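Written out below as structure tokens is the structure these notes cover.
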Amino acid sequence: MEGAGSLLPIMALVPFLGALLPGLFIRAGRNACATITMATTILAIVMLLVMAPAVMRGEVLEARIDWLPQLGLTAGFFLDGLGLLFAGMILGVGLLIILYARFYLSPKDPMGQFYTYLLLFQGAMLGIVVSDNILLLLIFWELTSLSSFLLIGYWKHLPEGRQGARMALTVTGAGGLAMIGGMLILGNIAGSYHLTDILEHGEEIRASEWYLPALILILAGAFTKSAQFPFHFWLPHAMAAPTPVSAYLHSATMVKAGVFLMARMWPVLAGTNEWFYIVATVGLITMILGALIALFKDDLKALLAFSTVSHLGLLTMLLGFGTEAAVIAAIFHIINHLTFKAALFMSAGIVDHEAHTRDIKRLGGLARLMPITATIATIAGFSMAGFPLFNGFLSKEMMLEEASHTEWWHSHYFVPVLATLGALLSVAYSLRFIFHTFGGPVRKDYPHKPHDPPFGMYAAPGLLAVLVVLIGVMPWLVEPLVEVASSATAGAHLHPHLKIWHGITPALYMSGIAILGGIVLMLLHRPLDAIWLRTPRPEAKAIFDALIRACADGCRWITTFTHNGAISRYLAIFVVTSVIMGVIAWMGGGTMPATRPIQPIPAIVAVGWVLLLVATISVATMHRRRFRALVLIGVIGLMISAGFVFLSAPDLALTQISVETVTIMLLLLALHFLPKSTPNESSRGLKSGHTVIALAAGVGVAALSFAFLTRDFSSISEYHLANSYKGGGGHNVVNVILVDFRGYDTYGEIIVLGIAGLIIFALMEALLNGPAAARLRNWDFSQDRSRDRHPLMMVVATRVMMPIACVVGIFIFLRGHNMPGGGFVAGLVISIALLMQYMASGFAWTMSRQKIEYHSMIGWGVIVAGLTGVGAWFAGKPFLTSAYGYIHIPPIEEFEWATAALFDLGVFLTVLGAVMLMLFSLSRIARYAGETVNITAMDYDPSHPEYTESDAEEVH
Amino acid sequence: MEIVVASTIGILTAGGVYLLLRLRAFPVILGLSLLSYAVNVFLFATGRITIDAPPILQDHGEHLTYTDPLPQALVLTAIVISFGMTAVLVLISLGSFLESAHDRIDMIGEDEAETLEVDE
């Protein structure tokens, strides 16, 4: 069945694609919008039906799209009986809900949005039940939380809707997080993230020491989603949603996701004591608690919500029993609960829609006014109560049968008695729902005169009511479906026999007690209600709100403490944390013995080291005198360049010394406009604190460096050294790595550098057009300056040096492939040569001789480098594969030529353009500040006293 | 020799961190420059220390050991990029100084009320 299986991913995708349509079709009217949404769902149903026969035969359909198989990341889908049951429920009920919502939503509600959210949710749910990869399942799981948030909060104007949506998202989202942990543990134990593999490793997983943590985490996800005690409180609050949402999410789909997950994981996780005591007990508590609260709720939807909680508890309990018969009962009850509960929700919605209230105490006597709705609700309600001939009876009998022989902590009575109590309460609230709403005399004080709705609105619940009776009378109709689904759940072939009459069994007695007791309870409701209302109860919402407020306050306290607006505090926290983590790592891991011999320290190195030490300490202590600090920084940079020379890194030394030069120029330019000194602001205590932090960081880093410097290592550089000449055609391995082996990195880096240059240019544009421009125009240069800004000697010297510097630059560029040098250094050298002209001869003079825009130079650089890379494609090689050869032009000696050199040219152009653009942008400020710009090379001629600034022209 | 390189990295880091914790933009930029030196030397040192063996392949001659070229290539681009970063920072701090007439980098205790816009 290869062909059918490949439909799976498409089916899972259909609702998501369809979600794009309602928003468009709403423009064609509400009917068109509903129709296209239904069409989407019908399409998915058709696909499911195509695949259904194979699954019913017991096959498992699979489809797998590999993404990163090494990491276990594949989009894997599979469909077995359990998946088929749930997918059918999701899509089938989805279709009915779409129909119902068409009539339920008022013209004021944005219907396109509603259907989009609904389809998103449908897709997410469908994804959960057909996922094979548990990571994929987790994604869909989170998507249901998100899309249900949108649906619950659909009526944005209602505060209850928003709060309910937030609460649902918080609880289910937190559970989802826990589940991620559990699933990862599970995947780790099984060695695969595929459900099909995990399901085969049940023994291994149950025996693992990580079984209990994984179980608890996964159950946390399932319990929160399926509203199990103590997480049951979010479900009633989510009832603020429009009724179609409640009917869909809270009867058929989302709350069943948790049950689905427990069923899915049943072969792996079930059967242990831990599973039984956690799952069955929580289920039992939830069943009774939910039923008890439901009995005393006056809001129809709240009553149904708590009854759903109760029934989910029942399902959880059945799965918790861990027996195969209980699994059959659970699967059968899932089907039955779906039919009657969705019908009841829709009936409650109709009552609300027609009578404009859902308060039971204001209703009654509706049977005469809306007979059709009353009939539907009564049928569904009797099924919920578990009366014979309705489908709820059958699965409840099976539940009681299982409960009757379940032993809990050496007690034979605990589970049966409580299960009967749960059933009893269930009868009571079901009857209350029916008779207090529809029974009794017709009242005169309804907020709105009720009558039966149009056909479209009761069609969906009516169909479900028919199913309730059909299954109730002829249970063998669904037997095949129950068989494949329960077999898939249990991982073994099960043979359910669904019958109405099982003979006189304990379950029949329990059922009888439940029905009689329920009727009595229902009759006693009024006095009991009075007692209930007087009894103090914990209010879940208040507790939840207090908890959230405490979390928010805690977070706010931490944030205001750490983020008080002083960046030095954040940085101090960051540095201290890093040091502490380093210390922890060192103490935890220890170090291996040193393996490398210590090399001697030559005297010249010691001198350089002392210079660097003194300069650094001086910068730190005298940084308030900014010019002095700059000079000292220059000393440090020089020492580092010298160090690179000494430690066999000539390329680095060349780069460092030229970068050093441009950095100092840049800072000098900036300092022209910044304050020349830093005020002494920090207190003595703060300074010593910072000193301690700084020293700790320094000692830590030094210790780390010393630790690895004295130990051997393995490097991939052997490859580079061996192939530099053979593969890249160059002797300078560093350069070959830059332009060839790791050309991609370099390509990225020159782009970054180019972007940095453009950012500076753009920032300067913004600055000069903003409020700073006015401040600049009134700039007052406090310091006296020499009139001789462009001294004769310097102008002449730089002119002479310009061609020499250019030749040096070109030389460094050309020899780069074989000797220290290359595009980076050459670009820096040429930019220094140009900067000298700016400094010596002035701005205007140099500008008028500049032919190429720096922006375009950056662009050309990137283009040249990129095209070189693209060129490799024409030779059928990957991007940036280099080629080289030898060219012989007669008078010159044979020389080597590599495409890498062309790439290096791109690097050169970008570096030159970026550096020049940065410094050029900075110097533009000076012109804004009203600094005069000379148009000739020399603005001051000492031999002509009258020839002074009259010739200087103001250029802006 | 190892102790010299390691202590150099430590000294530069300590100086850099101290300046980084100052309150004005200019010393912070200087601090970042010092830290960049430290990081560059640190990265470079991961190739271990070899004296007098630059990674320039020799066709002849007896000494055929070379230092590790890979960290050098990485550091070379790092030096250039850190210049770009410094330049951007300088310009941002210059811009903020020109706009607000001070070069403080924290947001507490400001005199001008209009700049005290801590969002709540």
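Lettering follows sequence order; numbering is per chain, from 1. Just so we're clear, the structure is a prediction, and the values are computed from it rather than from any experiment.
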Check each atom of [X] against the heavy atoms of chain A and say whether the ones under 4.5 Å are side chain, backbone, both or neither.
{"X": "B/Leu34", "value": "side chain"}
{"X": "B/Ser82", "value": "neither"}
{"X": "B/Ile79", "value": "both"}
{"X": "B/Val4", "value": "both"}

Which region of [X], side chain (C-beta onward) or backbone (N, CA, C, O), has a non-hydrogen atom less than 4.5 Å from a non-hydrogen atom of chain B, or is it both or neither?
{"X": "A/Ile750", "value": "neither"}
{"X": "A/Met764", "value": "both"}
{"X": "A/Leu763", "value": "both"}
{"X": "A/Ile640", "value": "side chain"}
{"X": "A/Phe824", "value": "side chain"}
{"X": "A/Ala914", "value": "neither"}
{"X": "A/Pro679", "value": "side chain"}
{"X": "A/Val645", "value": "neither"}
{"X": "A/Arg624", "value": "neither"}
{"X": "A/His690", "value": "both"}

Roughly how far apart are [X] [atom1] and [Y] [atom2], rounded to 0.5 Å?
{"X": "B/Phe97", "Y": "A/Leu767", "atom1": "CZ", "atom2": "CG", "result": "12.0 Å"}
{"X": "B/Ile9", "Y": "A/Leu709", "atom1": "CD1", "atom2": "CG", "result": "6.5 Å"}
{"X": "B/Phe42", "Y": "A/Leu704", "atom1": "CZ", "atom2": "CG", "result": "4.5 Å"}

